[in-house]
Amino acid sequence: MDKLSEYTNKRNFSRTNEPNYDGLPYMPSDKLVYAIQHHIARNEHYDLRLEWEGVLFSWAVPKGPSFNPKDKRLAIQVEDHPLSYKDYEGVIPKGEYGGGTVMLWDYGYWQPQSDFVGAYNKGSIKFSIEGQRFNGKWALIRIKENNDSNKNWLLIKDNDEYALNNDGISQYDKSIKTNRTMSEIEKAQN
Ligand code: MN
C-alpha cells in the first residue's frame with residue numbers, strides 16, 4: 001500500500017517487533033478506530049492515531065493531550081501507520097527508528113463531525129472520541145506558518161462535560177491493554 005511506504009521504509013522489520021503492513025485489503029467498517037500510545041523514545045511523547053481509509057493518521061504530541069480546553073498542545077503529524085498498529089505495545093530496539101518503550105494508553109473509536117477530507121484540507125478537524133480514558137469533543141487545528149502542508153497542528157479539548165481544569169493525563173500511568181507501567185513493559189522485553 002502506497003500510503004504506508006514511508007512507514008515501511010523507516011523500519012527494519014527483522015529488528016523491530018512493530019507490525020508490518022499485513023497486505024490485507026481494506027474493509028471499511030461502521031466505526032473508526034482511535035488509539036493513543038505513550039512513547040518514551042529519544043523524546044517522550046504521546047502518539048494520537050485516527051483511522052482513515054485503511055491507515056492510521058498519526059500525530060506525535062510532545063506534552064501529551066490535555067483534558068483542559070485552555071491547553072493547546074502541539075501535535076506534529078507523522079507518517080501514516082498500518083491499522084494493525086492500533087494495539088501495539090512493546091519495546092523498539094535502541095538504534096531503530098523510534099527506539100524506546102511504547103505503551104497502549106487509550107483505545108476506542110472516533111468520528112469526524114463533518115466531511116473529514118474537507119476538514120483536513122482546511123486544517124480544522126472537529127471530532128469526537130469514544131475511548132476508555134478520553135471521550136467527548138476535540139479539535140485539531142493546523143498551524144499555518146508558511147503553507148498548508150505544515151506538519152504542526154494544535155490538539156485542543158472542546159469545553160464539554162469531559163473537560164477538566166487540569167491536564168488530567170498523569171493520573172493514568174498504566175497500559176490500557178496490559179495494566180503495566182512503562183518500566184514493567186521495558187523489563188518484560190529482556
Ligand atoms: Mn512515537
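First listed ligand is number 1; within each ligand, the first listed atom is number 1. From a predicted model like this one, the values you see are computed outputs, not experimental measurements. All values below were derived from every heavy atom in this structure, side-chain atoms included, with hydrogens, water molecules and symmetry-related copies excluded.
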K10 bridged to E18 by N-O distance under 4.0 Å: no

SB check E96 R15 (cutoff 4.0 Å): yes

ring-ring contact (aromatic ring centres under 6.0 Å, His included) between F57 and Y120: does it pass, once the steps are laid out? CA-CA 11 Å; F57 276 44; Y120 179 86; 5.6 Å; yes

Does anything in residues 31-52 form a salt bridge (Lys or Arg N to Asp or Glu O under 4.0 Å)? List the pairs, not counting sequence neighbours. K31-E130, D47-R49

Residues in side chain to side chain donor-acceptor pair (under 3.5 Å) contact with N12, at least two apart in sequence or another chain: S14

What residue pairs, at least two apart or across chains, pass ring pair (Phe, Tyr, Trp, His ring centres under 6.0 Å) with a residue in residues 159-186? W105-Y172

I'd like to verify the contacts: list protein N, O or S atoms under a distance of 2.8 Å from the Mn ion (ligand 1). H39 ND1, H45 NE2, D47 OD2

